[in-house]
2 protein chains.
Amino acid sequence: MSEPDWNDIRIFLALFRGRSVRRAAENLDMSHSTVSRHLTDLETSLGAVLFTRSRDGLLATDMAERILAKAEAVENDMIDLTRTAVSLDSVMSGPVRVTCPPLLSQIMIMPMIAEFTKRYPDIEVSVHSSYSFEDLMRGTADIALRSQFDPNDNLVGRRLPDFTDYTYASKDYIGDHWFEGDATNANWLGRGGSDAHNKWIKQTPFPNASVRHDFPDMMDQAQAAAAGMGMTVLPCYYGDQLPNLVRVPGTQPVSKRPIWALTHPDLRTSVRIKTFLRFLVTEISKQEAQITGELGVDT
Amino acid sequence: MSEPDWNDIRIFLALFRGRSVRRAAENLDMSHSTVSRHLTDLETSLGAVLFTRSRDGLLATDMAERILAKAEAVENDMIDLTRTAVSLDSVMSGPVRVTCPPLLSQIMIMPMIAEFTKRYPDIEVSVHSSYSFEDLMRGTADIALRSQFDPNDNLVGRRLPDFTDYTYASKDYIGDHWFEGDATNANWLGRGGSDAHNKWIKQTPFPNASVRHDFPDMMDQAQAAAAGMGMTVLPCYYGDQLPNLVRVPGTQPVSKRPIWALTHPDLRTSVRIKTFLRFLVTEISKQEAQITGELGVDT
DNA sequence: AAGTCGTGGTCGATATTTGCACCATATCCC
DNA sequence: GGGATATGGTGCAAATATCGACCACGACTT
């Protein structure tokens with residue numbers, strides 16, 4: 001009696017074409033049990049039996065035959081609808097200017113932008129590495145990825161998964177400097193520059209280890225660590241994917257940094273900006289496990 | 001880009017017509033939050049912005065306007081489909097013969113059959129009160145409702161919610177015979193007939209209470225109890241709905257009896273039988289709370 | 001006759017979705 | 001200015017749907 005679930009029409013079509021619950025389930029990429037349950041749902045809501053279950057698969061009833069044409073009409077209209085949507089959205093054109101911290105842009109954001117421009121070829125995306133909010137406030141950028149968010153700044157934003165940092169070193173380095181689970185004579189790689197006194201080491205698992213070398217750029221530092229020159233702290237979505245680096249055994253996350261995708265309130269209504277922002281958030285959320293470091297090391 | 005959820009088209013239409021998330025939600029009988037979430041889902045899966053959220057409700061974008069026609073086409077096809085299903089299924093005709101215990105048929109099953117025949121006017125339903133399986137085995141009945149099920153009998157069936165029995169008496173009777181939560185001088189109503197020695201009383205909360213009168217028919221007994229002549233045990237789906245009866249305070253369920261809807265394996269493929277069986281199971285499941293006595297007394 | 005493969009159906013642990021109670025905001029009205 | 005009443009959005013507990021491992025049955029093969 002209740003209205004039929006429109007999704008069940010897809011299932012009906014798959015059942016009709018597959019002539020078996022299991023084949024239909026495979027085509028629909030579901031388990032055969034949920035397909036079976038949806039079939040009974042549809043049958044009860046229509047008040048009619050669509051298939052008689054027999055020894056080798058399903059046999060369509062008269063009712064199923066008659067409904068088929070209507071179901072295919074629904075399907076065609078849906079195909080039509082999605083096609084107009086995806087074809088028309090390429091009308092969207094114009095610039096989208098993103099600003100984000102350097103490492104983030106190189107490692108994570110660029111592939112996403114590549115995907116985005118493939119889908120919306122007439123949108124011109126530009127990326128500018130920076131840590132400040134000025135771009136956004138001054139109107140030289142539309143979207144900013146930042147790890148600080150002060151609501152007073154009159155910006156709107158969505159919070160993304162927290163970026164987690166771990167301690168990394170090369171496998172060989174750990175083999176040479178670890179003895180029964182303890183570090184012996186291990187060293188950090190210096191970050192130089194503004195943090196010349198290396199205060200950050202105080203918050204690590206090895207606050208008394210010595211500091212050697214000086215690599216302000218984080219990617220340089222990662223390469224140095226991979227080459228066995230010492231320990232370093234990296235976002236795990238980056239460190240985990242580098243082949244020669246491993247998390248230093250027995251250590252916990254060094255820090256968790258919140259990340260926001262921010263934009264100016266005036267731009268919230270822009271279809272172009274909104275589309276990009278939504279795309280970005282979806283893509284980043286897909287990699288939540290990598291970002292928060294939930295999973296162990298996988299190669 | 002994942003395929004759009006077909007149900008989201010209904011939501012899109014409701015949104016377009018309601019011009020606000022909350023109004024659409026009301027028409028769809030959902031909460032505004034899930035409508036909002038589904039809108040975002042649809043927009044991301046289409047890769048397009050359908051509405052700009054503004055101060056007073058939603059404003060349809062160009063894209064929404066263009067998609068509207070297609071969405072309405074889908075809707076019309078769906079309406080068409082359900083209409084053919086509902087009109088064609090009245091082609092189903094022939095007899096369905098049900099057998100079930102007397103009380104069940106009168107109190108619970110008859111209204112359902114009335115509903116069923118309204119929906120399928122050409123199906124002739126006949127009900128025969130009986131406790132035995134013979135009808136089913138001999139082929140004089142198609143469907144049996146029974147509280148015993150021996151798989152050896154070569155029958156197929158579905159289990160329904162357990163029927164729960166409670167102890168009932170009239171409000172006045174309890175007022176007269178109860179003192180600080182204890183029964184004083186209360187009596188059972190005799191069932192007579194085969195159970196002349198009233199062994200069933202042993203399993204009740206008042207095994208030593210006296211027995212008066214003699215009413216073999218359960219509906220007579222219920223009426224006698226409602227008139228204040230004593231206590232009796234009734235299925236709670238029946239006792240709870242009688243205006244003058246209440247569950248005797250402080251008592252637990254006296255018994256729980258499983259119920260099966262059974263049919264002969266040969267009949268399983270019959271569209272007519274299957275439709276009826278499915279209808280019955282759905283309707284009875286709706287009243288699960290009343291049958292198992294989960295809820296307190298409501299009038 | 002026994003084993004294997006395919007069919008649909010069933011049940012319980014797990015994921016996902018939903019609804020609810022909030023929040024921030026904007027408009028209108030007094 | 002200060003409610004009062006709209007709007008859409010969000011975090012969390014509860015309801016719901018999903019999966020996957022089973023079962024029973026029938027049709028083949030061995």
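Order of the sequence lines sets the chain letters (A, B, ...), proteins ahead of strands, with each chain counted from 1.
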K.L.:
Check the pair A/Arg146, A/Thr99 against side-chain hydrogen bond (donor to acceptor under 3.5 Å, both in side chains), reporting the backbone distance first and the verdict last.
P.N.:
CA-CA 9 Å; A/Arg146 290 295 126 88; A/Thr99 167; 2.6 Å; yes

K.L.:
Send over the distance from A/Asn7 CG to C/dT16 P, rounded to a whole Å.
P.N.:
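Distance, rounded to whole Å: 17 Å.
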
K.L.:
A/Leu39 CG to C/dT10 P: how many Å, rounded?
P.N.:
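Between P of C/dT10 and CG of A/Leu39: 12 Å.
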
K.L.:
In whole angstroms, how far is the P atom of C/dG9 from the CG atom of A/Asp41?
P.N.:
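In whole Å, C/dG9 P lies 12 Å from A/Asp41 CG.
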
K.L.:
Roughly, in whole Å, what's the span from CG in A/Asp29 to C1' in D/dC19?
P.N.:
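Roughly 12 Å, once rounded to whole Å.
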
K.L.:
Taking OP1 and OP2 of C/dG9, is either one under 4.0 Å from a side-chain nitrogen or oxygen of A/Ser36?
P.N.:
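Affirmative; the distance criterion is met.
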
K.L.:
Across the strands shown, which category fits A/Arg23 at heavy-atom distances under 4.0 angstrom: base, sugar-phosphate, nothing?
P.N.:
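Since only primed, P, OP1 and OP2 atoms lie under 4.0 Å of A/Arg23, the category is sugar-phosphate.
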
K.L.:
Starting at the 5' end of DNA chain C and moving along, which residue's nearest nucleotide shows up first, B/His38 or A/Val21?
P.N.:
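Its nearest nucleotide being more 5', the pick is A/Val21.
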
K.L.:
How long is the line joining CG of B/Leu15 and P of D/dG9, in whole Å?
P.N.:
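Rounding to the nearest Å, CG of B/Leu15 and P of D/dG9 are 10 Å apart.
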
K.L.:
Relative to each other, are the rings of A/Phe279 and A/Phe116 parallel, tilted or perpendicular (30° and 60° limits)?
P.N.:
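Correct class here is perpendicular.
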
K.L.:
Distance check needed: C/dG8 C1' versus B/Arg158 CZ, whole Å only.
P.N.:
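Result: 13 Å.
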
K.L.:
Base, sugar-phosphate or nothing for B/Arg19? Non-hydrogen atoms, less than 4.0 Å.
P.N.:
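Contact class for B/Arg19: none.
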
K.L.:
Could you give the CG-to-C1' distance, from A/Asp8 to D/dA17, as a whole number of Å?
P.N.:
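Value for this atom pair: 12 Å.
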
K.L.:
Between A/Arg257 and A/Thr164, do the side chains contain a donor N or O and an acceptor N or O under 3.5 Å apart?
P.N.:
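Note: A/Thr164 and A/Arg257 side chains miss the donor-acceptor criterion.
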
K.L.:
For the residue pair A/Asp165 / A/Ser255, report whether a side-chain donor-acceptor contact shorter than 3.5 Å exists.
P.N.:
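Per modelled atom types, A/Ser255 and A/Asp165 side chains form a pair under 3.5 Å.
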
K.L.:
For the residue pair B/Thr82 and B/Ile79, what are the closest heavy atoms and their distance?
P.N.:
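Reported closest heavy-atom pair: OG1-O, 2.9 Å.
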
K.L.:
Can you tell me if A/Arg53 touches the phosphate of C/dG9, counting only side-chain N or O atoms and a distance under 4.0 Å to OP1 or OP2?
P.N.:
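True: A/Arg53 side-chain N/O within range (under 4.0 Å) of C/dG9 OP1/OP2.
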
K.L.:
Taking CD in B/Glu75 as the centre, count heavy atoms belonging to other residues, nucleotides or ligands within less than 6.0 Å. Is the count above 12?
P.N.:
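Result for CD/B/Glu75: enclosed.
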
K.L.:
State whether the side chain of B/Thr61 and the backbone N or O of B/Val49 hold a donor-acceptor pair below 3.5 Å, judged by distance alone.
P.N.:
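Yes, because the side chain of B/Thr61 sits within donor-acceptor range (under 3.5 Å) of the backbone of B/Val49.
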
K.L.:
Taking atom P of D/dT10 as reference, at what distance in whole Å does atom CH2 of A/Trp260 sit?
P.N.:
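Spelled out: CH2 on A/Trp260 to P on D/dT10 is 14 Å.
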
K.L.:
Can you pull every protein N or O that's under 3.5 Å from an N or O on nucleotides 20-25 of chain C?
P.N.:
unit_1	atom_1	unit_2	atom_2	d
C/dC20	N4	B/Ser33	OG	2.9

